[in-house]
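Only one structure is covered here, and it is reproduced in the block below.
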Amino acid sequence: MTARILAAAPVVEQIKKDLIHRCETLKQQGHTPSMCVVLVGSNPASMSYIRNKKKMCEEIGAQFRLEHLDETISAEEFLTKMETLNNDPSINGIIIQLPVSDELKSLKLPNLVKPSKDIDGFHGMNTQNLYLGSTDLSLLLPCTPKGIVNLLKFYQVELKGKNIVVVGRSLIVGKPLSMLLSNFDATVTMAHSQTKNLRELTRQADIVISAIGKAHFFDRSYFTPEKHTIVVDVGMNSLGGKLTGDVDQHDVMDVVRAITPVPGGVGPMTVVSLIQNLISATENQLKG
């Protein structure tokens, strides 16, 4: 058995065709969707992520704007800037690029973007949809969970009744993803750094999703060939100067059924989900 590679490219291309059409429809109505990224400082990784967002924004015909703020900006000045952006009718979607400076970390960042422009899907009013059991992927949901579910749906991976282990409990991936998968009737175990029997859990799982940020943490010993496990690798780590995931793909290829590559897997799905949220936010704002 050699694992099937669940690449993002064909999924992204399919989604982009729909987004180009929807963006063109909005333009014909006199409104070009506009995204604003708020960047504090000049983190090299952040700059790379922003370039990817800008590229895809432009590919579907939307506008991109970068608010590049000095790392020394005060919390008060930052709040004033966010209020200005929230009230700017020419901006349809706003994201605060993480990480921010130490002074700003004390702010409740997820709720600083007003819900209707929150294309990251982190505002409490948007994440509430997950608590309420929604499976509507057109809502402004957190982008990585949304992208993962769309990827699995594209490859016709059944979620209902499946035993899924999500490794990682962050507010960006692990927690919202666990809720979203549960809404699709999966049985979800959320594991983390304090989980004692992790290897036992993953060896019994139908699907394992790793978001822990440890290069090649998962080797073949975490999987049982007879389970034909599907692996979603959210990790983006540097190993020997190369980008790699949490899973040692080479080592597990003959013991799992399918796996997402790094790069070329969850990363592009996260970006295209952000653009989906931008177009949905713009459509919703025009509806009033």
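Position 1 is the first residue of the sequence, and the numbers go up from there. Model, not experiment: these values are computed from the prediction.
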Is there a side chain to side chain contact (heavy atoms under 4.5 Å, CB included) between M82 and I94 once you walk through the steps?
CA-CA 9 Å; M82 290 307 303; I94 303 170; 4.0 Å; yes
Take D233 and F218 through the test side chain to side chain contact (heavy atoms under 4.5 Å, CB included) and record every step on the way to the result.
CA-CA 10 Å; D233 193 344; F218 292 95; over 6 Å; no
Between E77 and K81, is a salt bridge (charged side-chain N to carboxylate O under 4.0 Å, His left out) present by the stated rule, with each step listed?
CA-CA 6 Å; E77 290 171 321; K81 171 59 71 174; over 6 Å; no
Might you work through the side chain to side chain contact (heavy atoms under 4.5 Å, CB included) test for Y222 and V165, ending with a clear yes or no?
CA-CA 12 Å; Y222 282 86; V165 174; over 6 Å; no
Does the pair I96 and L104 meet the rule for a side chain to side chain contact (heavy atoms under 4.5 Å, CB included), with working shown?
CA-CA 11 Å; I96 300 172; L104 303 184; over 6 Å; no
Dump the intermediate steps for salt bridge (charged side-chain N to carboxylate O under 4.0 Å, His left out) on K287 and E283, then the final yes or no.
CA-CA 6 Å; K287 290 174 188 173; E283 290 169 341; 5.6 Å; no
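Looking at V272 and V11, their side chains never come closer than 4.5 Å, going by heavy atoms from C-beta outward. With a 4.5 Å cut-off on side-chain heavy atoms, R22 and S280 count as touching. Counting only heavy atoms from C-beta outward, the side chains of N150 and M269 approach each other to under 4.5 Å. You'll find the side chain of V231 reaches within 4.5 Å of the side chain of F223, heavy atoms only. For the pair L152/F184, no side-chain contact is recorded, criterion being any heavy-atom separation below 4.5 Å from C-beta on. Counting only heavy atoms from C-beta outward, the side chains of L159 and L181 approach each other to under 4.5 Å. At least one side-chain heavy atom of V255 sits under 4.5 Å from a side-chain heavy atom of V252. When side chains are defined from C-beta on, L140 does not count as touching H123, because their heavy atoms never get closer than 4.5 Å.
Considering CG of D185 and NZ of K160, their distance stands at 6.0 Å, rounded to 0.5 Å. Here E58 contributes atom CD and M35 contributes atom CE; the two are 10.5 Å apart, rounded to the nearest 0.5 Å. For the atom pair CE (M190) and CD1 (I209), the distance works out to 12.5 Å, reported to the nearest 0.5 Å. In this structure, S116 OG and N284 CG are separated by 8.5 Å, a value rounded to the nearest 0.5 Å. A distance of 12.5 Å separates CZ of F64 from CE of M56, quoted to the nearest 0.5 Å. Of the inter-residue distances, the one linking L85 atom CG with T80 atom OG1 reads 11.0 Å to the nearest 0.5 angstrom.
Under the 4.0 Å criterion applied to side-chain N and carboxylate O atoms, K17 and E13 are not assigned as salt-bridge partners.
The residue from V188, L141, I148 that alone fulfils the side chain to side chain contact (heavy atoms under 4.5 Å, CB included) condition with L180 is L141.
Looking only at distances, a side-chain donor or acceptor of R220 sits under 3.5 Å from a matching main-chain atom of D251. Formation of a donor-acceptor pair under 3.5 Å by the T229 side chain with backbone atoms of A205 is found in this model. N183 contributes a side-chain N or O that, together with a main-chain N or O of L130, makes up a donor-acceptor pair within less than 3.5 Å. No donor-acceptor pair closer than 3.5 Å links the side chain of D88 to the backbone N or O of T84. Without hydrogens or angle criteria, K117 side chain to I91 main chain gives a donor-acceptor distance under 3.5 Å. No side-chain donor-acceptor contact under 3.5 Å links D120 to the backbone of I95. Side-chain atoms of N92 come within 3.5 Å of backbone atoms of S34 as a donor-acceptor pair (strictly under, hydrogens ignored). Formation of a donor-acceptor pair under 3.5 Å by the K146 side chain with backbone atoms of L139 is found in this model. Side chain of Y155 to main chain of A7: a donor-acceptor pair is present (N/O by atom type, distance under 3.5 Å, no hydrogens or angles). Formation of a donor-acceptor pair under 3.5 Å by the E103 side chain with backbone atoms of A75 is found in this model.
Minimum heavy-atom separation, A211 to V234: CB-CB, 3.8 Å. The two residues I275 and K53 have their closest heavy-atom pair at CD1-O, 4.2 Å. In terms of heavy atoms, Q97 sits closest to L39 at CG-CD1, 4.1 Å. Minimum heavy-atom separation, C57 to L278: SG-CD2, 4.0 Å. Nearest heavy atom pair, residue A45 against residue N43, reads N-OD1, 2.9 Å. Residues A281 and I119 share a closest heavy-atom pair of CB-CG2, 4.1 Å.
Taking a 6.0 Å sphere around NZ of K227, one finds it holds more than 12 heavy atoms contributed by other residues, nucleotides or ligands. The local environment of NE2 in H21 is sparse, with at most 12 non-hydrogen atoms from other residues, nucleotides or ligands closer than 6.0 Å. Under a cut-off of 6.0 angstrom, the local environment of CD in E76 is sparse, with at most 12 non-hydrogen atoms contributed by other residues, nucleotides or ligands. Few gaps surround CD on E24; more than 12 heavy atoms of other groups in view lie less than 6.0 Å from it.
Counting only N and O atoms by type, the side chains of D219 and S221 include a donor and acceptor under 3.5 Å apart. Inspection of the T282 and H31 side chains reveals no N or O donor paired with an N or O acceptor under 3.5 Å.
A continuous path of Ile, Leu, Val, Met, Phe, Trp and Tyr side chains, each step under 4.5 Å between heavy atoms, connects L274 with L109, placing both in one hydrophobic cluster. A continuous path of Ile, Leu, Val, Met, Phe, Trp and Tyr side chains, each step under 4.5 Å between heavy atoms, connects L201 with I212, placing both in one hydrophobic cluster. Residues V256 and V166 fall into different hydrophobic clusters, defined by Ile, Leu, Val, Met, Phe, Trp and Tyr side chains chained together at heavy-atom separations under 4.5 Å. I259 and F217 fall within a single hydrophobic cluster, where Ile, Leu, Val, Met, Phe, Trp and Tyr are joined by side-chain heavy atoms under 4.5 Å apart, directly or via other members.
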